[in-house]
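Small disclaimer: the values here were computed from a predicted structure and weren't measured. Letters A, B, ... are given to chains in the order of the sequence lines, protein chains preceding strands, and every chain is numbered from 1.
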Protein chains: 2
Amino acid sequence: MTTKKFDSYSHLLDRTARRVKGYAQQRFTTGNFDVTVDQWLILKSLDDDRYLKQKELAELTGKDNPTLTRIIDLLCKKGLTERVMHKDDRRSFTVHLTEPGKAKLLELSPRVNEIRMKAWENLTEHDYEQLKTILNKIYQNLEP
Amino acid sequence: MTTKKFDSYSHLLDRTARRVKGYAQQRFTTGNFDVTVDQWLILKSLDDDRYLKQKELAELTGKDNPTLTRIIDLLCKKGLTERVMHKDDRRSFTVHLTEPGKAKLLELSPRVNEIRMKAWENLTEHDYEQLKTILNKIYQNLEP
DNA sequence: AACTAATAATTAGTATGACAACTAAAAAAT
DNA sequence: ATTTTTTAGTTGTCATACTAATTATTAGTT
């Protein structure tokens with residue numbers, strides 16, 4: 001495979017990811033979801049009454065510490081999450097959903113799924129699996 | 001196809017796009033390329049001595065006007081591009097490469113291609129075509 | 001021709017993302 | 001046990017996105 005062809009995939013990937021996020025954000029906004037797409041991702045990761053350290057959240061979501069600090073700041077300000085002292089490690093705390101946070105998750109889940117579906121019109125389950133496989137391989141190829 | 005599965009593709013896409021950009025940016029930085037990945041995308045779009053309006057650049061790159069204004073500001077400050085008055089439309093100007101800009105493009109092109117290749121280890125040309133097709137369909141499905 | 005609507009670019013405000021520097025606390029090494 | 005090294009989280013800075021509002025100019029309408 002020649003190098004020349006690879007001019008474009010990165011741009012394509014970037015452009016598509018931005019549109020997917022942008023489309024969802026727009027629907028979030030018009031639907032008065034009161035959270036951003038990235039905040040939603042954190043909420044979803046905290047499902048099932050989990051108490052996660054920021055470090056664990058970072059790994060789950062692929063975001064870095066400063067970004068998480070800020071997103072969690074915003075979620076706490078909205079009253080959707082809480083920081084709780086870690087009993088064994090005083091450097092860290094655990095993040096978990098408040099009652100309003102759990103309610104928000106329950107309320108928005110089906111609506112978010114519905115929004116996410118829109119991207120997949122005219123695509124098959126096989127396409128979905130293919131995409132997943134390829135993206136994961138790329139992700140691993142660039143593992144730090 | 002159930003809605004439930006679609007929780008994850010958007011995150012996967014986002015995460016992968018960020019890693020691809022991040023990996024390239026790191027190599028750009030250590031290689032003293034003196035441009036960011038996004039600035040590079042603009043330079044590349046201006047190849048072949050093209051004079052493009054910001055509006056046209058926005059469509060090519062999938063970025064919006066404010067973002068382009070700032071990227072072009074930075075490129076102009078670095079002396080790699082110039083803004084030239086549009087002869088027919090005094091609202092707009094055209095952007096084009098300066099001589100140093102053209103030199104930068106020539107110098108970096110092969111090095112960027114080499115960097116981009118890294119993501120494709122263990123992936124085939126067929127994978128590449130598949131990914132392109134799927135991403136383009138998603139992009140079009142979410143057309144505003 | 002005067003008025004209105006649309007367009008190109010900019011500016012301002014907020015959120016995210018990468019990186020570096022920093023603080024505090026825990027773990028490892030001697 | 002004291003020192004050194006790691007680790008968790010925060011803060012600061014800059015670049016990128018998205019939205020909304022602004023300005024200047026052009027296009028369309030009557």
Candidates C/dA9, D/dA8, D/dA17 - which lies nearest the side chain of A/Lys55: D/dA8
Ring centroid separation A/Tyr128 to A/Trp120 under 6.0 Å: yes
Mutual orientation of the aromatic rings belonging to A/His96 and A/Tyr51 [parallel < 30°, tilted 30-60°, perpendicular > 60°]: parallel
Touch class at under 4.0 angstrom, heavy-atom based, for A/Ser92 against every strand present: sugar-phosphate
Sugar-phosphate, base or nothing in reach of A/Asp89, heavy atoms under 4.0 Å: sugar-phosphate
Most 5' of A/Lys21 and A/Asp88 on DNA chain C, judged by nearest nucleotide: A/Lys21
Presence of donor-acceptor pair under 3.5 Å, side chain of A/Arg91 and base of D/dT7: yes
Sugar-phosphate only, base, or nothing, as touched by B/Gln39 at under 4.0 Å among non-hydrogen atoms: sugar-phosphate
Sugar-phosphate, base or nothing in reach of A/Leu68, heavy atoms under 4.0 Å: nothing
Side chain of B/Asp14 (C-beta onward), nearest among C/dA15, C/dT11, C/dG17: C/dG17
Touch class at under 4.0 angstrom, heavy-atom based, for B/Arg83 against every strand present: sugar-phosphate
Sugar-phosphate only, base, or nothing, as touched by B/Thr67 at under 4.0 Å among non-hydrogen atoms: base
Residue closer to the 5' end of DNA chain C, B/Gln54 versus A/Pro66 (nearest nucleotide): B/Gln54
Per B/Asp38 side chain, nearest of listed nucleotides D/dT16, C/dA18, C/dA8: D/dT16
Touch class at under 4.0 angstrom, heavy-atom based, for B/Arg15 against every strand present: nothing
Sugar-phosphate, base or nothing in reach of B/Asp64, heavy atoms under 4.0 Å: base
Sugar-phosphate only, base, or nothing, as touched by B/Arg70 at under 4.0 Å among non-hydrogen atoms: base
